[in-house]
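A short write-up of the structure that comes next.
The analysis underlying the following values was restricted to heavy atoms, covering all of them including side chains, and did not include hydrogens, waters or symmetry mates. Everything numeric in this text was worked out from a predicted model, so none of it was measured.
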Amino acid sequence: MKIKKLTLGKAVRYPNSHGDLWSATTGADGELYVVSDDTYGFDRSCDSNTAVHRLTGKMPPDLQAETINPMKSFGALAEFKDADDGMWKTNSITCIDGILYMSVSRHAHQRKQRYFIQETWDSSIILSKDNGKTWSKTPRLGHAMFPGHTFSTPFFVEYGKNGKAGPHGSNKYVYAVSSDGGWNNGSSMTMGRVPRDRIARLNPRDWEFIHAFDEQGKPIWRKRHDTARHIFRDPGKTGMTGIHYIAPLRTYVMPQWHFSRFDDEKLRWKRTRLEFYTSEQPWGPWTKVQSQEFSEAWYNPCIPNKFISKDGKNFWLFLSGDFTDHTHTDAKGEFDGYYGLWMIPVRVN
């Protein structure tokens, strides 16, 4: 089924949540595992550059959250390292055959960025075999799996619970897509893949990347990530995001986003545009089906596969909200901003 239009419902905030990103995946136990950046977690459960959480419950907004791991080795909220003038951020999380995988990379904070683009570089993948309680070693600075900007924000292509296999070779490979070295308002995205039976090795030599397309439009895979060809391109309007397979509709959905008022200093971080793209293949070509601007400055949209309806016509978006708001308070009257987990129901038309 081709998606012609999406209807977004009323946004609901998870109470006492703080942070952004909120990438999500369904684990082998059927629960939802979520990562957040720049975060105090839920009910101020952490103070972290990045943290791992678990959400239980059948459907938003009636969910219960707990922080599984504050990931202290990645630093406290907004903690820099002088060695590269960057900070750790999580990009995405997935579950493959009972193991959680999380991609992490270095980011330049807004006070250090130029041209209002938060730059990203040097990504790696870490894993957990106990549902997020413990993780493999924190990558050493200067020793990333994928050095440089080209594949610096890997988002795993999501097919379903526990890495359920779908079409296009996903029974043999795990796919990931990345922006071109920026958190926001970049230009393009590249794609890599790794054999499912080798992903746990955390060896970059096991990965390959799309470098071209043949006359039939099929991707040509080669080893180097730094010379990969883009699978999506929209200069100035490409944020780091993921790709989600809506199995009942046999369609891939990529929820893109960008800050839409860069020319206005007062509105620069207060206006975003969500743009939804669809494709019959994970590497495109992509068709824009909807573009919608928001004064709440929603960003980093994610489609949790756990909440996709059986017919594929209803799902939820997880997003972050306007982190420039300085007035919102929690139930105790303490400031918590709009910098938290927001959930929006979506209907396919």
Parallel, tilted or perpendicular: which describes the rings of [X] and [Y], with under 30° parallel and over 60° perpendicular?
{"X": "Phe262", "Y": "Phe259", "value": "parallel"}
{"X": "Trp88", "Y": "Phe74", "value": "perpendicular"}
{"X": "Trp183", "Y": "Tyr299", "value": "perpendicular"}
{"X": "Phe42", "Y": "His53", "value": "perpendicular"}

For [Y], does its backbone N or O pair with a side-chain atom of [X] as donor and acceptor, under 3.5 Å?
{"X": "His225", "Y": "Pro147", "result": "yes"}
{"X": "Asn184", "Y": "Gly239", "result": "no"}
{"X": "Thr238", "Y": "Asp234", "result": "yes"}
{"X": "Asn49", "Y": "Glu79", "result": "yes"}
{"X": "His149", "Y": "Thr120", "result": "yes"}
{"X": "Ser295", "Y": "Arg271", "result": "no"}
{"X": "Asp122", "Y": "Gly148", "result": "yes"}

* Over all atoms of both residues, closest heavy-atom pair of His230 and Phe213 -> O-CE1, 4.4 Å
* Within 45° cone of Phe116 ring axis and under 6.0 Å: Arg268 NZ or CZ -> yes
* To do: Validate the cation-pi geometry between Arg193 and Trp221: distance from NZ or CZ to the six-membered ring centre under 6.0 Å, angle to the ring axis within 45°.
  => yes
* To do: Check step by step if salt bridge (Lys or Arg N to Asp or Glu O under 4.0 Å) holds for Arg106 and Glu119.
  => CA-CA 8 Å; Arg106 304 295 290 167; Glu119 297 181 37; over 6 Å; no
* **Criterion ring pair (Phe, Tyr, Trp, His ring centres under 6.0 Å) on Phe307 and Phe315, from CA distance to verdict** => CA-CA 6 Å; Phe307 305 131; Phe315 56 83; over 10 Å; no
* To do: For the pair Phe209 and Phe151, evaluate ring pair (Phe, Tyr, Trp, His ring centres under 6.0 Å) and give the outcome as yes or no after the intermediate values.
  => CA-CA 10 Å; Phe209 303 84; Phe151 198 67; 5.0 Å; yes
* Under-4.0 Å salt bridge between Lys313 and Asp311 -> no
